[in-house]
Number of protein chains: 2
Amino acid sequence: MDSQMIAEQLLNHGIKPSYPRLQIYKYLYMKRNHPTVDIIYNSLVKEMPTLSKTTVYNTLNLFIDAHLVTSLNLDENEKRYEIIIHDHSHFKCENCGNIYDIPYENIQLLPEGFEDFQVNEVQIFLGGICPHCKK
Amino acid sequence: MDSQMIAEQLLNHGIKPSYPRLQIYKYLYMKRNHPTVDIIYNSLVKEMPTLSKTTVYNTLNLFIDAHLVTSLNLDENEKRYEIIIHDHSHFKCENCGNIYDIPYENIQLLPEGFEDFQVNEVQIFLGGICPHCKK
DNA sequence: GTATCTGCAAAACATTTGCAATTCT
DNA sequence: AGAATTGCAAATGTTTTGCAGATAC
């Protein structure tokens with residue numbers, strides 16, 4: 001996906017595609033690495049020396065309000081962010097700290113007697129040891 | 001469950017059952033309401049005027065280390081705590097903010113090709129509208 | 001030229017830490 | 001007395017906010 005298409009995605013969600021916004025969205029789109037604000041900032045500040053963390057925060061919150069991005073609380077003090085993609089859970093390795101996307105389908109989350117709950121959002125977090133660290 | 005049994009549970013996990021510890025554990029055990037530190041503190045300080053939030057924090061972390069309690073990040077800034085109970089997810093109503101325990105069983109979380117991940121911990125968060133608010 | 005966007009500095013929180021006072025045995 | 005526990009005050013770290021300067025159309 002090139003910058004032109006990313007700009008269109010932002011415009012489609014009512015967001016003016018300024019340069020910082022394009023770069024932050026592009027970062028999330030290309031890397032898919034569930035970054036923290038710090039990770040995004042440190043990566044982009046190399047190419048945008050005047051970038052501030054405030055702008056990263058503001059932009060991410062803008063994306064969240066526009067339902068382009070979601071934030072994850074993976075059991076630490078700081079939030080992580082990712083482009084909204086449906087039907088996958090997050091596996092965090094206790095050993096190496098890596099975060100993996102795990103797809104799922106057709107999970108029955110509401111048992112009998114709970115059908116009246118209207119589910120709009122699902123977040124599944126898994127903790128354990130990843131294949132790489134098990135060897 | 002009375003104080004005597006709670007004291008035994010703490011002792012079984014290597015925790016000396018001081019009065020604040022008993023009260024905090026009892027609160028979690030009886031209420032089952034996924035409280036924040038603030039909620040616990042404000043509830044208990046009525047009966048224990050000298051209680052401090054530091055003690056609530058310290059005690060909860062002690063319980064977590066002993067695997068008696070777990071903390072939840074339900075998408076806000078502050079953590080919530082609950083007695084460890086297996087195989088249930090948390091549903092938070094977008095409207096009233098209530099948190100519900102939803103039981104589940106035999107959910108297949110790892111699809112084909114991901115069997116090498118060793119899952120030690122599962123947290124499922126659901127957001128939406130509860131039956132009470134749908135009416 | 002006006003509205004929007006950016007970014008510095010300060011504020012606002014939740015949580016942790018250092019350490020002295022208290023409590024328990 | 002000695003060891004563990006408690007709690008105040010200060011520190012820490014993330015995220016938000018106020019506002020002035022910069023940018024875009």
Side-chain angles (χ1 to χ4, degrees), chain A residues 3 6-7 10-11 13-28 34-66 68-82 97, chain B residues 3 6-7 10-11 13-28 34-66 68-82 97:
Chain A
S3 297
I6 289 178
L10 295 186
L11 279 168
H13 286 77
I15 294 171
K16 201 179 291 183
S18 72
Y19 188 70
R21 288 170 179 176
L22 277 173
Q23 293 309 109
I24 292 170
Y25 192 78
K26 198 171 179 178
Y27 181 90
L28 289 170
H34 321 87
T36 62
V37 163
D38 242 64
I39 292 171
I40 298 172
Y41 172 78
N42 286 317
S43 174
L44 296 183
V45 76
K46 296 170 195 159
E47 307 294 326
M48 307 170 62
T50 70
L51 182 67
S52 75
K53 277 190 192 174
T54 302
T55 296
V56 179
Y57 276 110
N58 290 342
T59 303
L60 289 169
N61 286 335
L62 190 71
F63 290 167
I64 288 172
D65 290 345
L68 278 166
V69 163
T70 189
S71 73
L72 310 171
N73 285 114
L74 298 183
D75 222 12
E76 298 130 60
N77 0 346
E78 52 187 348
K79 290 179 183 165
R80 292 175 176 273
Y81 299 84
E82 70 170 0
Chain B
S3 298
I6 289 177
L10 296 185
L11 279 169
H13 286 78
I15 294 170
K16 200 180 292 183
S18 71
Y19 188 70
R21 289 170 179 175
L22 277 173
Q23 293 309 109
I24 292 170
Y25 192 78
K26 197 170 177 178
Y27 181 90
L28 290 170
H34 320 88
T36 61
V37 163
D38 242 63
I39 292 172
I40 298 171
Y41 172 78
N42 286 318
S43 174
L44 296 183
V45 76
K46 296 170 195 159
E47 307 293 326
M48 306 170 62
T50 69
L51 182 67
S52 76
K53 277 190 192 174
T54 302
T55 297
V56 179
Y57 277 110
N58 289 342
T59 302
L60 288 169
N61 286 334
L62 190 71
F63 290 167
I64 288 171
D65 290 345
L68 277 167
V69 164
T70 189
S71 73
L72 310 170
N73 286 114
L74 298 183
D75 222 11
E76 298 130 59
N77 1 346
E78 53 187 348
K79 290 179 184 166
R80 293 176 175 273
Y81 298 84
E82 69 169 2

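Every chain is numbered from 1, with letters handed out A, B, ... down the list of sequences.
Contact between the side-chain N/O atoms of Thr50(B) and the OP1/OP2 oxygens of dT6(D) is not found at any separation under 4.0 Å. Between Asn77(B) and dT15(D) there is no side-chain N or O to OP1 or OP2 distance below 4.0 Å. Close to dT6(D), at under 4.0 Å from its OP1 or OP2, lies a side-chain N or O of Ser18(B). In this structure, Tyr57(A) reaches the dT15(D) phosphate: one of its side-chain N or O atoms is under 4.0 Å from OP1 or OP2.
In this structure, OH on Tyr81(B) lies 7.5 Å from CD1 on Ile40(B), to the nearest 0.5 angstrom. Distance check, rounded to the nearest 0.5 Å: OG1 of Thr59(B) to CD1 of Ile24(B) gives 4.0 Å. Once rounded to the nearest 0.5 Å, the distance linking CG of Leu74(B) with CZ of Arg80(B) reads 6.5 Å.
Side-chain contact check for Asn73(B) versus Lys79(B): some heavy-atom pair is nearer than 4.5 Å. Considering only heavy atoms from C-beta on, Ile6(B) stays 4.5 Å or farther from Pro17(B) through its side chain. Side chains of Glu82(B) and Leu28(B) form no contact here, defined as non-hydrogen atoms less than 4.5 Å apart.
Atom CG in Asn61(B) sits roughly 15 Å away from atom C1' in dT6(D) (whole-Å rounding). As a whole-Å value, the separation of Asn58(B) CG from dC8(D) C1' is 12 Å. In this structure, NZ of Lys53(A) is placed 9 Å from C1' of dT14(D), rounded to the nearest angstrom. In this structure, Leu51(B) atom CG and dC8(D) atom C1' are separated by 13 Å, rounded to whole Å. Protein atom CG of Leu22(B) is 10 Å distant from nucleotide atom P of dT6(D), rounded to whole Å.
Exactly one residue among Asn58(B), Thr55(B), Leu10(B) makes a side-chain contact (heavy atoms from CB on, under 4.5 Å) with Arg21(B). That residue is Leu10(B).
Along DNA chain D, the nucleotide nearest to Ile15(B) and the one nearest to Thr54(B) differ in position, and the one closer to the 5' end is contacted by Ile15(B).
Nucleic acid contact class of Thr36(A) (heavy atoms, under 4.0 Å, all strands): none. Backbone-only engagement by Lys79(B) is indicated by non-hydrogen atom pairs under 4.0 Å involving sugar-phosphate atoms exclusively. Residue contacts shown for Asp38(A) are absent, as no nucleic acid heavy atom lies under 4.0 Å away. Within the nucleic acid shown, Lys16(B) comes within 4.0 Å of sugar-phosphate atoms alone, with no base atom in reach, counting heavy atoms only.
Each of dT17(D), dG7(D), dT6(D) was ranked by its minimum atom distance to the side chain of Arg21(B); first place goes to dT6(D).
Close approach of DNA chain C to chain B, defined as any atom under 4.0 Å from a non-hydrogen atom of the protein, starts and stops at dA14(C) to dT17(C).
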